[in-house]
Asker: 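Here's a structure for you.
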Amino acid sequence: MPLAPDLQRRRLALAALGAIALTPFATAQNAITPGTPIKVLIGVPAGGTQDVLTRAIAQQVRDSLGPLIVDNRSGAAGRIAVEAVKNAAPDGHTLLLGTAGMMTMYPSAYKSLSYDPVKDFQPIINAARFELALVVNKEVPANTLAEFITWAKAQGGAVSFASYGAGTPSHFLGEMLNRAAGLQMVHVPYRGSTPARQDVMGGSIPVYFDTVGGALQMLPSGRVKVLATSGDKRSPLMPSLPTFSEAGYRDVIATAWFAYYAPAKTPKPIVDQLRAEFTRAVNTREMRQQLLQNGMYPTGDNADALLKTMREDTARWATIMKAVNFQAND
């Protein structure tokens, strides 16, 4: 039976009022809450390049997104931070600074990984990349890569090389050079870059594969030499140095990156808002200069480009790990 005109008009009015009442709530659930801090979890101790990157972004987005706070959650090779973000509320206020190791190496390195880098996270932006460098103590009798290869071959298995952690780009760059040049260097993993830098400068270990930025920090001490970089072209920060590829070791290419992620169920409008502001921040002149000073190159890749990089790097590192029979300890 049709409703009376007055009753029909009353119901339509109530429905319209309900829609109006719900609209602000729905909008609030799909945007960053103004004034509420955004925590960015970082899987290494404070003071490294990941802190530098995140604090630089924080300066650029504080007016649009509010305070961005660095939360260092070191331990378990960064997996503690990854787990915390995976299980965080998907409201845009807890983010992960993901590294190439966490998101593309660990799936092959660990027998049982408690997260899926693709399924458990929403990619926001690949913010910065960097290359690595071959650093040797000043007492190593080599001033070029060719001289180093000759010297290391003559030592057989008596040469050790440091990395800033097992299963990191630093580690596998050394393994790649071993394979490509027929060397037998023994890997010594450190817990981070600071102790490795101290030991290579002090002579406790003769060889270290560091980031280009880290190598630049050590050079003024006069206690190390830098012989080559790992990109597919020369580093603009060290343009006088050849790449491994340029020197004839075409497969010895290793670049790493820092990208930001949100929990998987974060609403798309929130992810889009974060991506827009982070992209704007990375592309400012001030931030680009600050990153270059710290050995990083602003990237600004969107989600599709980041996922493509993740797929390609995951396949590449899996091949290398299988070739050197690497398995991380859980």
Side-chain angles (χ1 to χ4, degrees), residues 49-50 53 98-105 108 117 123 125-136 144-149 152 161 163-165 167-183 185 193 207-216 219 225-259 282-283 288 291-324 326:
T49 51
Q50 298 179 45
L53 171 63
T99 66
M102 293 172 176
M103 310 308 277
T104 65
M105 293 181 169
S108 297
I125 181 177
N126 189 349
R129 68 176 178 86
F130 56 94
E131 289 108 13
L132 293 95
L134 168 59
V135 181
V136 299
T144 66
L145 178 59
E147 292 175 356
F148 172 79
I149 297 297
F161 76 89
S163 77
Y164 50 72
T168 64
S170 172
H171 171 196
F172 288 112
L173 178 56
E175 298 289 5
M176 283 190 283
L177 186 60
N178 266 349
R179 294 182 66 222
L183 306 181
M185 294 187 297
S193 57
V207 182
Y208 175 38
F209 292 93
D210 199 1
T211 64
V212 168
L216 282 169
L219 273 179
K225 295 176 281 190
V226 185
L227 304 182
T229 57
S230 69
D232 55 3
K233 57 185 177 182
R234 291 195 178 199
S235 168
L237 298 175
M238 291 184 165
S240 64
L241 289 181
T243 65
F244 293 101
S245 178
E246 180 184 348
Y249 303 103
R250 299 189 181 281
D251 294 331
V252 184
I253 297 176
T255 57
W257 40 264
F258 296 138
V282 167
N283 286 316
R288 295 179 75 85
L291 295 186
L292 286 170
Q293 289 170 1
N294 286 275
M296 293 177 279
Y297 310 99
T299 305
D301 287 349
N302 62 22
D304 289 341
L306 173 54
L307 286 170
K308 181 175 183 289
T309 296
M310 289 172 64
R311 287 192 297 268
E312 292 173 350
D313 283 5
T314 298
R316 181 164 60 95
W317 293 123
T319 300
I320 294 167
M321 289 184 203
K322 184 177 180 181
V324 301
F326 175 78

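Counting from 1, the numbers follow the sequence of the chain as shown.
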Asker: Indicate yes or no: at least one non-hydrogen side-chain atom of Gln50 is less than 4.5 angstrom from one of Thr99.
Answerer: yes
Asker: Any chance CZ of Arg179 has more than 12 other-residue heavy atoms, nucleotides or ligands included, within less than 6.0 Å?
Answerer: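 It does not: Arg179 CZ has 12 such atoms or fewer within range.
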Asker: Can you name the nearest heavy-atom pair linking Ala318 to Ser108, along with the distance?
Answerer: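 Result for this residue pair: CB-OG, 3.2 Å.
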Asker: Would Phe326 and His171 count as a side chain to side chain contact (heavy atoms under 4.5 Å, CB included) here? Give the steps.
Answerer: CA-CA 11 Å; Phe326 175 78; His171 171 196; 3.5 Å; yes
Asker: Nearest 0.5 angstrom please: Asp210 CG to Leu173 CG, how far?
Answerer: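 Between Asp210 CG and Leu173 CG, I get 11.0 Å after rounding to 0.5 Å.
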Asker: Nearest 0.5 Å, what's the CG-OG1 distance between Leu132 and Thr168?
Answerer: 8.0 Å
Asker: Under 6.0 Å between ring centres, would you say that holds for Phe172 and Phe209?
Answerer: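 They do not qualify: ring centres at least 6.0 Å apart.
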Asker: Check this for me: Asn302, atom CG, are more than 12 non-hydrogen atoms of other residues, nucleotides or ligands nearer than 6.0 Å?
Answerer: yes
Asker: Is the side chain of Asn294 donor-acceptor paired with the backbone N or O of Met296 at a distance under 3.5 Å, no angle test?
Answerer: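 No; zero donor-acceptor contacts below 3.5 Å.
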Asker: Return the minimal non-hydrogen interatomic distance between Leu237 and Gly295, and the atom names on each side.
Answerer: CD1-CA, 3.3 Å
Asker: To check you understand the geometry: which heavy-atom pair defines the closest contact between Met105 and Met321, and what is its length?
Answerer: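 What the structure gives for the nearest pair is O-CE, 3.2 Å.
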Asker: Quick one: do Leu227 and Leu241 satisfy side chain to side chain contact (heavy atoms under 4.5 Å, CB included)? Show the steps, please.
Answerer: CA-CA 7 Å; Leu227 304 182; Leu241 289 181; 5.8 Å; no
Asker: Out of curiosity, Asn178 CG to Phe161 CZ, how far, rounded to the nearest 0.5 Å?
Answerer: 6.0 Å
Asker: Determine whether Thr49 and Phe130 satisfy the following criterion, side chain to side chain contact (heavy atoms under 4.5 Å, CB included), listing intermediate values before the conclusion.
Answerer: CA-CA 10 Å; Thr49 51; Phe130 56 94; 5.6 Å; no
Asker: Quick one: does Phe148's side chain get under 4.5 Å of Leu177's, heavy atoms only?
Answerer: yes
Asker: Any chance the side chains of Trp257 and Asp301 put a donor and an acceptor closer than 3.5 Å?
Answerer: no
Asker: List the steps, then state whether side chain to side chain donor-acceptor pair (under 3.5 Å) holds for Tyr297 with Ser235.
Answerer: CA-CA 10 Å; Tyr297 310 99; Ser235 168; 2.7 Å; yes
Asker: Using every non-hydrogen atom in the two residues, find where Trp317 and Ala254 come nearest and quote the distance to one decimal.
Answerer: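 That closest heavy-atom pairing would be CH2-CB, 4.1 Å.
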Asker: Determine the minimum heavy-atom distance between Met176 and Asp251, stating which atoms define it.
Answerer: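 Heavy-atom minimum between the residues: SD-O, 3.7 Å.
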Asker: Enter the distance from Thr255:OG1 to Asp232:CG here, rounded to the nearest 0.5 Å.
Answerer: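 It is 7.0 Å, given to the nearest 0.5 Å.
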Asker: I need the Glu175 CD to Met185 CE distance, nearest 0.5 Å.
Answerer: 8.0 Å
Asker: Answer whether the closest heavy-atom distance between the side chains of Thr299 and Val282 falls below 4.5 Å.
Answerer: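 Counting from C-beta outward, Thr299 and Val282 never come under 4.5 Å.
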Asker: Using salt bridge (Lys or Arg N to Asp or Glu O under 4.0 Å) as the criterion, list what pairs up with Arg288, not counting sequence neighbours.
Answerer: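 With neighbours one apart ignored, the set is empty.
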Asker: Using the rule given for side chain to side chain contact (heavy atoms under 4.5 Å, CB included), can you reason through Leu219 versus Met238, listing the C-alpha separation, both sets of side-chain angles and the distance that settles it, and then say yes or no?
Answerer: CA-CA 11 Å; Leu219 273 179; Met238 291 184 165; 3.8 Å; yes
Asker: Do you know which two heavy atoms are closest between Gly300 and Ile125, and how far apart they sit?
Answerer: CA-CD1, 3.7 Å
Asker: Within this structure, what is the CD-CG distance for the pair Glu312 and Leu307, rounded to the nearest 0.5 Å?
Answerer: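 Here the rounded value is 11.0 Å.
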